[in-house]
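Following: one structure in structure tokens, then a few remarks.
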Amino acid sequence: MPQDARLERLLDFLRRSPTPWHATANMAERLEEAGYRRLEETEAWRLSPGDRVYVTRNDSSIIALQLPSSPLVALRMIGAHTDSPGLRLKPNAAQTAAGWLQLGVEVYGGALLAPWFDRDLGLAGRVQVRHPDGRLEGLPLTVDRPVAIIPSLAIHLDREANNGRAINAQTEMPPVLLQGGGHTDVERLLRDWLAEQHGVEGLEVLDFELALYDVQPPARVGVAGELIAGARLDNLLSCFIGLEALLACDGTQGALLVANDHEEVGSASACGAQGPFLGDVLRRVNAQLGEGGEEGWIRLIQASRMISCDNAHALHPNFLDKHDAAHGPALNAGPVIKVNANQRYATNSATAALFRTLCREAEVPVQTFVTRADMGCGSTIGPITATELGVPTLDVGVPQWAMHSIRETAGSQDVAQLTRVLTAFFDRAELP
């Protein structure tokens with residue numbers, strides 16, 4: 001069935017995307033298989049109506065464009081992010097204690113720390129190397145087997161462990177890697193793993209950006225397979241759904257998918273939503289296929305619409321009091337419009353009305369999330385992108401449990417539902 005095939009593609013994408021660099025490379029691979037042409041930011045672009053193109057920045061953010069065959073007057077844009085909270089290695093990662101080589105880690109984003117204990121951890125990211133001929137290159141690294149673990153302390157040695165004790169990320173989170181190992185073993189291991197993966201010898205490791213990740217594969221869970229459980233659903237689930245919608249659209253309208261890095265740490269980077277990446281790409285496209293000039297730029301942006309896709313907090317059966325009684329989204333009950341009066345989400349009544357119309361036309365149920373008035377609210381790339389570009393924007397997402405855990409849970413039916421709505425958005429001839 002199409003739904004089962006889509007879910008298998010999703011599980012494969014999640015499994016093969018332990019870091020933003022991997023996610024971006026996997027999205028680029030699917031785009032090229034579908035006939036999209038890669039553009040380089042350092043080269044001159046030659047664009048034509050009907051072109052399908054994509055561009056990356058920092059190898060961790062990506063923008064894909066389906067250009068219309070008619071004049072470019074508006075774009076239907078979907079935004080997501082490629083990064084997820086977790087543990088990143090420090091530059092001088094090697095440390096030893098009690099005869100064990102350990103890895104010093106830094107917490108990336110707002111990670112739930114407790115679920116990281118006693119997990120089978122792999123290592124992935126990118127490594128900057130010097131080849132024997134002096135050439136510098138950044139190589140992806142994927143150690144997709146259990147090479148590290150963060151062992152819990154036995155309850156006998158900490159009777160307060162179940163009483164809400166705080167976790168010290170500096171002293172309690174370094175994983176164990178190798179018994180009897182020393183500081184020089186980390187670089188040796190990296191060279192060995194790179195040689196194993198890329199078939200290259202004699203490399204000098206200059207620097208790296210590496211993350212630990214749970215090697216347990218994602219899976220369908222529940223008696224009827226109602227759930228998807230896996231790492232990095234926030235926000236690779238939205239990246240996947242946005243890409244599925246882009247590849248399924250009919251190509252008659254201007255359609256764009258952007259997946260930024262660094263959302264989980266504020267988006268303030270060259271490839272983040274607060275940076276110039278999306279604006280740079282749109283200005284170059286407008287210069288060739290739009291009206292051009294500042295007047296044409298403003299007209300294009302104001303005629304366009306952005307849907308920021310980032311997962312929403314689903315109503316948790318064990319914590320019903322954490323939700324506003326009238327705004328508790330259910331799994332497998334349709335996509336969620338995210339609303340916040342203080343602009344933590346970019347939705348307003350006009351953009352919400354557009355999405356409700358799309359859901360009605362696609363025969364998909366729609367839900368609304370507003371956080372409790374006595375609780376704080378997270379944010380997304382939506383308000384940032386709206387601020388940077390001025391494009392009318394709304395925030396939506398599929399509901400999920402355990403956001404920012406090492407293993408998160410979402411509804412399997414919601415994948416197809418949001419994909420159908422976003423495809424309709426890309427195909428819609430008129431935008432209010």
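Expressed to the nearest 0.5 Å, how far CD1 of I381 lies from CD of Q274 amounts to 12.5 Å. Once rounded to the nearest 0.5 Å, the distance linking CG of L112 with NE2 of H404 reads 8.5 Å. Between L190 atom CG and L139 atom CG the span is 11.5 Å, to the nearest 0.5 Å. To the nearest 0.5 Å, atoms CG (L282) and CD1 (I301) are separated by 5.0 Å. Of the inter-residue distances, the one linking R232 atom CZ with S405 atom OG reads 12.0 Å to the nearest 0.5 angstrom. Interatomic distance, CZ of R119 versus CG of L87, reported as 12.5 Å (0.5 Å rounding).
For the residue pair G376 and T371, the shortest heavy atom distance occurs at O-OG1, 3.5 Å. Nearest heavy-atom pair, I63 versus L278, reported as atom, atom and distance to 0.1 Å: CD1-CA, 3.7 Å. The minimum heavy-atom distance linking L206 with L136 is given by the pair CD1-CD2, 3.5 Å. Considering all non-hydrogen atoms of both residues, L31 and A64 come closest at CD1-CB, 3.7 Å. Residues P218 and L14 come closest through the heavy atom pair CG-CB, 3.9 Å. Of all the heavy atoms in F277 and A270, the pair that sits closest is CB-O, 3.8 Å.
Annotation: side chain of H22 is in contact with side chain of T142 (closest heavy-atom distance under 4.5 Å). Inter-residue side-chain proximity for L121 and P146 is flagged as unmet; no heavy-atom pair is nearer than 4.5 Å. Between W401 and L227 the shortest side-chain heavy-atom distance falls below 4.5 Å. At a threshold of 4.5 Å between non-hydrogen side-chain atoms, the residues F355 and V421 count as touching. In this structure, L422 and C309 have side chains that are in contact, with non-hydrogen atoms separated by less than 4.5 Å. Counting heavy atoms from C-beta on, the side chains of I78 and F425 come closer than 4.5 Å. Considering only heavy atoms from C-beta on, D324 stays 4.5 Å or farther from F369 through its side chain. Contact annotation: the side chain of R9 approaches that of E244 to within less than 4.5 Å [non-hydrogen atoms, C-beta and beyond].
The main-chain N or O of S60 is never found under 3.5 Å from a side-chain atom of N58 such that the two would form a donor-acceptor pair. In this structure, Q400 contributes its side chain and T409 its backbone to no donor-acceptor pair below 3.5 Å. The backbone N or O of S412 lies less than 3.5 Å from a partner atom in the side chain of N332, making a donor-acceptor pair. Side-chain atoms of H327 do not come within 3.5 Å of backbone N or O of R372 as any donor-acceptor pair. In terms of modelled atom types and a separation under 3.5 Å, the side chain of Q288 and the main chain of L47 share a donor-acceptor contact. Within the 3.5 Å criterion, the main-chain N or O of D310 finds a donor-acceptor partner in the side chain of K338. Using modelled atom types, no side-chain atom of T347 and backbone atom of L394 make a donor-acceptor pair closer than 3.5 Å. Side chain of H131 to main chain of D133: no donor-acceptor pair is present (N/O by atom type, distance under 3.5 Å, no hydrogens or angles). Panel note: side chain R305, backbone Q302; a donor-acceptor pair is recorded below 3.5 Å. No donor-acceptor distance shorter than 3.5 angstrom exists from the side chain of E263 to the backbone of A273, with no hydrogens or angles considered.
Contact check on E430 versus R428 returns no salt bridge, with no Lys/Arg side-chain nitrogen under 4.0 Å from an Asp/Glu carboxylate oxygen.
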### Query
Please walk me through it: do M27 and L257 pass side-chain contact (heavy atoms from CB on, under 4.5 Å)?
CA-CA 11 Å; M27 294 173 73; L257 171 66; 3.9 Å; yes
### Evaluation steps, side-chain hydrogen bond (donor to acceptor under 3.5 Å, both in side chains), between D395 and T380
CA-CA 8 Å; D395 274 286; T380 70; 2.5 Å; yes
### Task
Evaluate the criterion side-chain contact (heavy atoms from CB on, under 4.5 Å) for residue pair N311 and L237; output intermediate values, then yes/no.
CA-CA 8 Å; N311 298 351; L237 192 50; 4.0 Å; yes
### Query
V415 and V398: side-chain contact (heavy atoms from CB on, under 4.5 Å), yes or no, with the steps?
CA-CA 8 Å; V415 178; V398 298; 6.0 Å; no
### Task
May I have the step-by-step check of salt bridge (Lys or Arg N to Asp or Glu O under 4.0 Å) for R284 and E40, ending in yes or no?
CA-CA 12 Å; R284 294 176 78 167; E40 300 293 342; over 6 Å; no
### Message
Is there a salt bridge (Lys or Arg N to Asp or Glu O under 4.0 Å) between R30 and E32? Walk through the geometry before answering.
### Response
CA-CA 5 Å; R30 282 202 67 192; E32 291 192 357; over 6 Å; no
### Task
Begin from the C-alpha positions of R88 and T19 and carry the test side-chain hydrogen bond (donor to acceptor under 3.5 Å, both in side chains) through to its verdict.
CA-CA 10 Å; R88 301 280 180 99; T19 73; over 6 Å; no
### From CA spacing to verdict: side-chain contact (heavy atoms from CB on, under 4.5 Å), F426, L256
CA-CA 8 Å; F426 278 145; L256 179 147; 5.8 Å; no
### Task
May I have the step-by-step check of salt bridge (Lys or Arg N to Asp or Glu O under 4.0 Å) for K90 and E106, ending in yes or no?
CA-CA 6 Å; K90 293 182 177 179; E106 189 175 11; over 6 Å; no
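Residues satisfying the salt bridge (Lys or Arg N to Asp or Glu O under 4.0 Å) test with R191, not counting sequence neighbours, are E187.
Counting non-hydrogen atoms of other residues, nucleotides and ligands closer than 6.0 Å to CZ of R407 gives a total above 12. Applying the 6.0 Å contact sphere to CG of D321 captures more than 12 heavy atoms from other residues, nucleotides or ligands.
No hydrogens or angles considered: nothing links the side chains of T351 and R356 as a donor-acceptor pair under 3.5 Å. With 3.5 Å as the limit, one finds no donor-acceptor pair spanning the side chains of T24 and D59.
Under the side-chain hydrogen bond (donor to acceptor under 3.5 Å, both in side chains) test applied with R57, the options D261, N260, D280 reduce to a single match, D280.
Using the six-membered ring where Trp is involved, Y108 and H262 have ring planes that are tilted, between 30° and 60° apart.
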